[in-house]
Amino acid sequence: MPAAQKLFALIDCNNFYVSCERIFNPQLAQKPVVVLSNNDGCVVSRSNEAKALGVAMGVPLFKIADLVKSAGIVTLSSNYALYGDISERIMSILGTFSPSQEIYSIDECFLDFTGLPDPDDIGREIRQIIKQQIGVPVCVGIAPSKTLAKLANFLAKKLATPDGTFNLASLPPEKVENLLGRIPVEEVWGVGRKLKPRFETLGIRTVRDLRDSDAELMQKQFSVVLKRTILELRGQSCLDLTEMAPARKQIVSSRSFGRYVYTLEDLEQAVTSYMSNAAVKLRTDGSMAGALSVYIKTNRYAKADELYAQSMTMTLDHATDDTLILVKKAIHGLREIYRPGYAYQKAGVTLMDLSAKAERQLSLFQSEEKVTKSEKLMKLLDSTNGALGKGSLFLASEGSNQTWKMKSDYLTQEYTTKWPELAVVKAR
DNA sequence: TCTGGGGTCCTAGGACCC
DNA sequence: TCTGGGGTCCTAGGACCC
């Protein structure tokens, strides 16, 4: 007996960050709303009303200032603690609909629908339950490969099907031909802005054009990844569902500053702060870092003689998850690359060469006593901040007056994650 | 005045080895 | 005059994703 035809569902939340904000603020319904990136820099989520006004994804806020004013667009700073919490709730509900789930990003996941008797019905049920229990609208795309499921989801959104579900697998072939012949090729998962113009010269403009191109030839001209994409578009599943996300290979913490920064002292505060943040993630993962890098840069739009960007990568004598050691090393690197006289716009740190702490071996030169002491201190740091809130306990070198800190002028409350800011429900 | 942050994978090319 | 070649490891950079 041949193996059952594979079937994947992709569930994607609509306008996710805006939808999260709307749960707690019904006044935002039907209004043009955008959520901004860190530092209130760019638009990263738009309500349908904002899209209809022509607000582009990723556009810097200052470029649409006039429109914001004239059209009354509501602008909100991003509130990742809130979105992360809503995401977890949604993902745990979605997980009950299939034995196998891959959480692909904060607002989307794949489910294995292989062999399910009525996939369309389940898609509709998913949409209804998430709307009812969480209050976030989702769309469901169903198809025999992950790449096609992404496209099916795109169609569910674009065609605004009333039930928010679109199944490419149950469509008559001539309809599929017609649809794929009308979708621009850049909508395909894995086709970005660099590939599009190169495809153009080959006469590949639609999804159908790409699907029908010579897969071997395209691999030679582009990459093996693209060949897989082409096969997936033909309904041949090449990408499996990965349930267990493999351990992260690096941890990055970086931020643009709220104003330009000139002094080493301010940069040291920022780097201390970012590294402390990265180290918390490291310990949460149960990992240790064997190397790290630190970088600083001026505004990339600055004039040529005012441009400066430098980074430094350093290896640690032995892998660690100790904030104090990591910060010390990062600061050392920062002092090496710092040059006075520049207007710095951003700094960041990366933890690399990560390994599982459980598999640690003490190196010859590490004393057991020292390691235990560090362990205790880190536990205290994490538990205090866990109980009293992020930032309750921090290194003095982070500074307590961080004038360089990012802008977040339109921040909503942390409705679900901080006790003092829980939404208050009034009974009457 | 004001242009995000955090990831992954692949490839090309250099260093090195035998 | 002729002046190996294949394998592996590492890194930087490119491209893509959300």
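The sequence lines fix the lettering, A, B, ..., with proteins before strands; numbering per chain opens at 1.
In this structure, E108(A) and F16(A) have side chains that are not in contact, with every pair of non-hydrogen atoms separated by 4.5 Å or more.
Near DNA chain B, meaning a heavy atom under 4.0 Å from it, residues 270-281 of chain A has no residue at all. Scanning residues 256-267 of chain A for heavy-atom distances under 4.0 Å to DNA chain B yields S256(A), Y260(A).
Here the shortest heavy-atom pairing between K227(A) and A215(A) reads CG-O, 3.9 Å.
Between L61(A) atom CG and dG4(B) atom P the separation is 12 Å, expressed in whole Å. For L151(A) and dC17(C), the CG to P distance is 12 Å, given to the nearest whole Å. Taking atom CG on D66(A) and atom P on dT1(B), their separation rounds to 14 Å, with Å as the unit. Here the P atom of nucleotide dT3(B) and the CZ atom of R300(A) are 9 Å apart, to the nearest Å. As rounded to whole Å, 13 Å separates atom C1' of dT1(B) from atom CG of N39(A). When the P atom of dC17(C) is taken as reference, atom OH of Y104(A) falls 8 Å away, rounded to whole Å. One interatomic measurement links the two molecules: NZ of K157(A) to P of dC18(C), which rounds to 10 Å at whole-angstrom precision. If you take CG of L76(A) and C1' of dG4(B), they are 16 Å apart, rounded to a whole angstrom.
Contact between the side-chain N/O atoms of K150(A) and the OP1/OP2 oxygens of dC18(C) is found at a separation under 4.0 Å. Applying the 4.0 Å criterion to OP1 and OP2 of dT3(B), one finds that K346(A) has every side-chain N and O outside that range.
As rounded to the nearest Å, dC16(B) and dG4(C) have C1' atoms that lie 15 Å from one another.
Of the candidate nucleotides dT3(B), dG5(B), dC18(C), dG5(B) has the atom nearest to the side chain of N38(A).
No contact: K407(A) has no heavy atom under 4.0 Å from any strand. Nucleic acid contact class of S78(A) (heavy atoms, under 4.0 Å, all strands): none. Looking at heavy-atom distances under 4.0 Å, I106(A) makes no contact with the nucleic acid at all. In this structure, E108(A) reaches the sugar-phosphate backbone alone: every heavy-atom distance under 4.0 Å involves primed, P, OP1 or OP2 atoms, never a base. When heavy atoms are screened at a 4.0 angstrom cut-off, V224(A) is found touching the sugar-phosphate backbone but no base atom. Residue D40(A) is out of contact with every strand shown, counting any heavy-atom pair closer than 4.0 Å.
Checked against a 6.0 Å centroid threshold, the rings of W404(A) and Y262(A) do not count as neighbours. Proximity of the aromatic rings of Y342(A) and Y260(A) is defined here by a centroid distance below 6.0 angstrom, and this criterion is not met. Taking the six-membered ring for Trp and the full ring otherwise, the centers of W189(A) and F110(A) sit less than 6.0 Å from each other.
In this structure a side-chain-to-backbone donor-acceptor pair under 3.5 Å is present from E232(A) to T147(A). Side-chain N or O atoms of S87(A) include none that pairs as donor or acceptor with a backbone N or O of Y83(A) at under 3.5 Å. Side-chain N or O atoms of S78(A) include none that pairs as donor or acceptor with a backbone N or O of Y80(A) at under 3.5 Å. Checked by atom type and distance alone, the side chain of S19(A) pairs as donor or acceptor with a backbone atom of N14(A) at under 3.5 Å.
Taking a 6.0 Å sphere around NZ of K157(A), one finds it holds more than 12 heavy atoms contributed by other residues, nucleotides or ligands. Crowding of K379(A) atom NZ: a count of heavy atoms from other residues, nucleotides or ligands under 6.0 Å not exceeding 12.
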Base-pairing string, 5' to 3', of DNA chain C - Watson-Crick or wobble, under 3.5 Å, | interstrand:
....||||||||||||||
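With respect to E177(A) and R182(A), no salt bridge is recorded, no charged nitrogen being found less than 4.0 Å from a carboxylate O. Ion pairing between a basic and an acidic side chain is recognised when a charged N comes within 4.0 Å of a carboxylate O; K6(A) and D240(A) show such pairing. A salt bridge links R205(A) with E200(A): at least one charged nitrogen is closer than 4.0 Å to a carboxylate oxygen.
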Check the interface with nucleotides 6-11 of chain C: list each N/O to N/O pair with the protein under 3.5 Å, or write none.
none

All N/O contacts under 3.5 Å from nucleotides 12-16 of chain C to the protein, with atom names and distances to one decimal?
residue: dC16(C); atom: OP1; partner: G192(A); partner atom: N; Å: 3.2
residue: dC16(C); atom: OP1; partner: L195(A); partner atom: N; Å: 3.0
residue: dC16(C); atom: OP2; partner: K194(A); partner atom: N; Å: 3.0

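Relative orientation of the Y344(A) and Y338(A) rings is tilted, given thresholds of 30° and 60° on the angle between their planes. Relative ring orientation between F222(A) and F199(A) is described as perpendicular, the plane-to-plane angle rising above 60° on a 0-90° scale split at 30° and 60°.
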Please walk me through it: do L111(A) and I126(A) pass side chain to side chain contact (heavy atoms under 4.5 Å, CB included)?
CA-CA 11 Å; L111(A) 294 178; I126(A) 284 176; 3.9 Å; yes
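Within the structure, no pair that satisfies the ring pair (Phe, Tyr, Trp, His ring centres under 6.0 Å) test touches residues 122-158 of chain A, not counting sequence neighbours.
Remark: ring of F62(A) does not overlap the six-membered base ring of dT3(B) in a stacked fashion, as centroids less than 5.5 Å apart with planes less than 30° apart are not both met.
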